[in-house]
Amino acid sequence: MKNITLTVIFLTQYLVIFGQTPINDPHWQLIWEDQFNSFDNTKWRKVNNCDHGGEPQLYLSQNVTTANGNLVITLRREEYSCPTNALINVWECGSCNQGMKHYTSGMVLSQVSEQVKYGYIEAMIKLPYGAGYWPAFWTWVGTPNYEEIDIFEMIAGTSDVCNQTLFHNQNVMTSNMHNCNGCIPGNFFCTSNYMTSLISDYTQWHKYAVEWSPSKIIWYVDDYPYRVEENDNKFDPTNIIFNFALNNHDNNAFPLGFAYGGLKLGQSSEMLVNYVKYYKLANSANSCNEIPSSCSYNFATHTNTVKKSITFGNNTCPVTVPSDHPYYFRASEGIQINGDFTVPLGSEIYMDVNPCY
């Protein structure tokens with residue numbers, strides 16, 4: 001049975017990535033969600049009168065609305081002057097340069113940062129594609145560590161990003177883990193793991209998600225894992241952010257008033273978010289101290305909470321996984337398989353080791 005045991009261990013390590021999402025893994029517990037039937041000011045804050053990072057657009061609260069069950073973030077080609085009394089004493093509004101702006105757009109930040117620390121963040125999104133468009137779905141927390149996880153950035157066009165000249169069309173997604181870690185705030189864009197991935201046409205509806213734990217971060221598109229990384233320094237409560245920017249990293253020296261996306265004066269383009277959900281792993285009062293261990297694991301009493309550790313069998317006791325339904329196991333310190341361990345045809349088992357949080 002040794003060969004079977006080794007095969008099962010390899011198989012479960014492979015399948016665990018596919019079993020992480022809430023649609024498959026009952027360990028996930030929904031904490032909060034927004035279906036965007038209306039704009040909820042208790043959950044979201046609109047950014048207003050903001051030049052963010054020298055980008056061409058000005059963020060205005062009126063460019064964020066809800067319609068037909070969607071959050072709508074609108075990029076407009078219009079002439080707009082930044083008010084002289086604009087509030088700029090918050091992190092995302094480091095400046096509001098006076099003078100005429102040629103584009104306005106929208107940005108929203110979640111208001112529940114005390115709850116968003118680790119877990120699974122998911123949104124259903126439909127994006128526009130046009131030269132210089134830069135819609136994004138990300139998380140951010142400022143001082144002291146300036147932690148950022150980019151679930152996606154769609155940087156359409158020919159761009160020079162992190163010393164890479166790349167052409168991005170509607171089938172290219174970028175992701176990143178920015179880590180300041182002692183750097184000067186604002187100068188940490190390329191200090192971590194910038195990565196591009198080929199995906200299906202993002203001008204259609206897709207589900208984008210990230211699983212964030214103390215040990216690792218996994219990116220998903222339509223429940224498929226596109227990227228797995230060790231957590232490099234993302235340990236603080238954070239905000240969830242949606243915004244529609246214009247790309248100020250493009251190689252081309254765009255003239256003043258350049259029509260990004262081919263937009264003419266008075267025209268607009270929209271980023272749509274159908275829903276956003278935030279999950280955490282289910283833990284009972286003492287589950288992270290539980291150490292289930294017996295000669296023959298009792299699958300009938302298994303609960304989908306994260307355990308401290310789990311041991312299957314011993315050197316004289318075989319364990320066979322039942323085929324009545326899929327079984328999911330998560331432990332914070334380890335899952336150990338001793339002796340003969342069999343997953344018969346028709347049985348399913350998923351395992352993951354991750355710190356309790």
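In what follows, every heavy atom counts, from backbone to side chain, and hydrogens, waters and symmetry copies are set aside.
Put simply, the side chain of Thr139 never gets that close to the backbone of Thr238: no donor and acceptor are under 3.5 Å apart. No donor-acceptor pair under 3.5 Å is formed between the side chain of His27 and the backbone N or O of Ala282. Formation of a donor-acceptor pair under 3.5 Å by the Asn247 side chain with backbone atoms of Ile155 is not found in this model. A donor-acceptor pair under 3.5 Å links the side-chain atoms of Glu147 to the main chain of Phe235, judged by distance alone. No donor-acceptor distance shorter than 3.5 angstrom exists from the side chain of Lys264 to the backbone of Gly262, with no hydrogens or angles considered. Side chain of Ser332 to main chain of Lys308: a donor-acceptor pair is present (N/O by atom type, distance under 3.5 Å, no hydrogens or angles). Judged by distance alone, the side chain of Asp150 and the main-chain N or O of Phe152 form no donor-acceptor pair under 3.5 Å. With hydrogens and angles disregarded, a donor-acceptor distance shorter than 3.5 Å links the side chain of Lys46 to the backbone of Val64. Checked by atom type and distance alone, the side chain of Asp352 never pairs as donor or acceptor with a backbone atom of Arg330 at under 3.5 Å. Asn231 places a side-chain N or O within donor-acceptor distance of the main-chain N or O of Lys234, the cut-off being under 3.5 Å.
Taking OG1 of Thr66 as the reference point, atom CG of Leu71 lies at 7.5 Å (rounded to 0.5 Å). To the nearest 0.5 angstrom, Asn70 atom CG is 10.5 Å from Met124 atom CE. Here the straight-line distance linking atom OH of Tyr328 with atom CD of Glu348 works out to 6.5 Å at 0.5 Å rounding. Rounding to the nearest 0.5 Å gives a distance of 9.5 Å between OG of Ser200 and CD of Gln170. For the atom pair CG (Asn274) and CD1 (Ile125), the distance works out to 10.0 Å, reported to the nearest 0.5 Å. From Lys277, atom NZ reaches atom NZ of Lys207 across 7.5 Å, with rounding to the nearest 0.5 Å.
Under the 3.5 Å distance criterion, with hydrogens and angles disregarded, a donor-acceptor pair is assigned to the side chains of Asp34 and Trp44. Defined by atom type and a distance below 3.5 Å, a donor-acceptor pair is present between the side-chain atoms of Tyr59 and Asn243. Using modelled atom types, one finds a donor on one side chain and an acceptor on the other under 3.5 Å when comparing Glu78 with Thr104. There is a side-chain donor-acceptor pair under 3.5 Å between Tyr297 and His302. Looking at Trp138 and Asn176, their side chains never bring a donor and an acceptor atom within 3.5 Å of each other.
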### Message
Applying side chain to side chain contact (heavy atoms under 4.5 Å, CB included) to Gln336 and Ile310, what does each step give before you reach the verdict?
### Response
CA-CA 6 Å; Gln336 184 174 354; Ile310 300 171; over 6 Å; no
### Task
Output, in order, the C-alpha distance, side-chain angles, deciding distance and verdict of side chain to side chain contact (heavy atoms under 4.5 Å, CB included) for Lys216 and Glu230.
CA-CA 4 Å; Lys216 66 186 177 188; Glu230 292 184 6; 5.7 Å; no
### Task
Using the side chain to side chain donor-acceptor pair (under 3.5 Å) rule, take Glu153 and Trp134 through it: C-alpha gap first, then chi angles, then the decisive distance, then the call.
CA-CA 7 Å; Glu153 294 178 283; Trp134 191 4; 3.2 Å; yes
### Message
Show, in sequence, the C-alpha distance, side-chain angles and deciding distance for Ile240 and Phe242, and conclude whether the side chain to side chain contact (heavy atoms under 4.5 Å, CB included) test is met.
### Response
CA-CA 7 Å; Ile240 298 172; Phe242 299 101; 4.2 Å; yes
### Message
Between Asp236 and Lys117, does the side chain to side chain contact (heavy atoms under 4.5 Å, CB included) criterion hold? Intermediate values first, please.
### Response
CA-CA 6 Å; Asp236 295 326; Lys117 180 179 179 180; 5.6 Å; no
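Residues satisfying the ring-ring contact (aromatic ring centres under 6.0 Å, His included) test with Tyr133, not counting sequence neighbours, are Phe244. A search for side chain to side chain donor-acceptor pair (under 3.5 Å) contacts involving Ser38 returns nothing, not counting sequence neighbours. With sequence neighbours excluded, the residues satisfying ring-ring contact (aromatic ring centres under 6.0 Å, His included) with Tyr118 are Trp212, Tyr357. Residues satisfying the side chain to side chain donor-acceptor pair (under 3.5 Å) test with Glu229, not counting sequence neighbours, are Arg227. With sequence neighbours left out, Lys43 forms a salt bridge (charged side-chain N to carboxylate O under 4.0 Å, His left out) with no residue at all. Scored by the side chain to side chain donor-acceptor pair (under 3.5 Å) test, Asp324 finds Tyr327 as partners (sequence neighbours excluded). Looking at residues two or more places apart in sequence or on another chain, you find a side-chain contact (heavy atoms from CB on, under 4.5 Å) between Thr74 and Val72, Arg76, Ser268, Glu270. Residues satisfying the side-chain contact (heavy atoms from CB on, under 4.5 Å) criterion with Gln204, sequence neighbours excluded, are Asp201, His206. Residues passing the side-chain contact (heavy atoms from CB on, under 4.5 Å) test with Ala209, sequence neighbours excluded: Tyr120, Glu122, Tyr220. Scanning for side-chain contact (heavy atoms from CB on, under 4.5 Å) contacts around Asn41 gives Phe39, with sequence neighbours left out. Partners of Ser213 under the side chain to side chain donor-acceptor pair (under 3.5 Å) rule, at least two apart in sequence or in another chain, are Ser215, Asn354.
A continuous path of ILVMFWY side-chain contacts below 4.5 Å connects Ile151 to Ile199, so both sit in one hydrophobic cluster. Following chains of ILVMFWY side-chain contacts shorter than 4.5 Å, one can reach Val319 starting from Ile349, so the two form part of one hydrophobic cluster. Side-chain heavy atoms closer than 4.5 Å link hydrophobic residues (I, L, V, M, F, W, Y) into clusters, and following such links, possibly through other members, connects Leu263 to Tyr260. Placement of Leu60 and Leu272 in two distinct hydrophobic clusters is found when ILVMFWY residues are connected by side-chain heavy-atom separations under 4.5 Å, directly or transitively. Hydrophobic clustering (side-chain heavy atoms under 4.5 Å, transitive across Ile, Leu, Val, Met, Phe, Trp, Tyr) keeps Phe341 apart from Ile291.
Pairs passing the disulfide (SG to SG under 2.5 Å) check and including a residue from residues 322-357, sequence neighbours excluded, read Cys288-Cys356.
Contact of the Thr196 side chain with the His168 side chain is registered, since non-hydrogen atoms from C-beta on lie closer than 4.5 Å. No side-chain heavy atom of Asn239 sits less than 4.5 Å from a side-chain heavy atom of Val141. Between Ser197 and Val172 there is no side-chain heavy-atom pair separated by less than 4.5 Å. When side chains are defined from C-beta on, Lys101 does not count as touching Gln57, because their heavy atoms never get closer than 4.5 Å. The shortest side-chain heavy-atom distance between Glu333 and Val353 does not fall under the 4.5 Å cut-off. Contact check for Tyr129 versus Asn169: side-chain heavy atoms found under the 4.5 Å cut-off. Proximity of Ile23 to Trp28: side-chain heavy atoms (C-beta onward) are nowhere separated by under 4.5 Å.
Aromatic rings of Phe312 and Phe329 (six-membered ring for Trp) have centroids within the 6.0 Å cut-off, being under it.
Taking the ring centre of Tyr278 as origin, the terminal cationic atom of Lys280 falls outside the region bounded by 6.0 Å and 45° from the ring axis.
Remark: Asn68 CG is loosely packed, at most 12 non-hydrogen atoms of other residues, nucleotides or ligands lying under 6.0 Å away.
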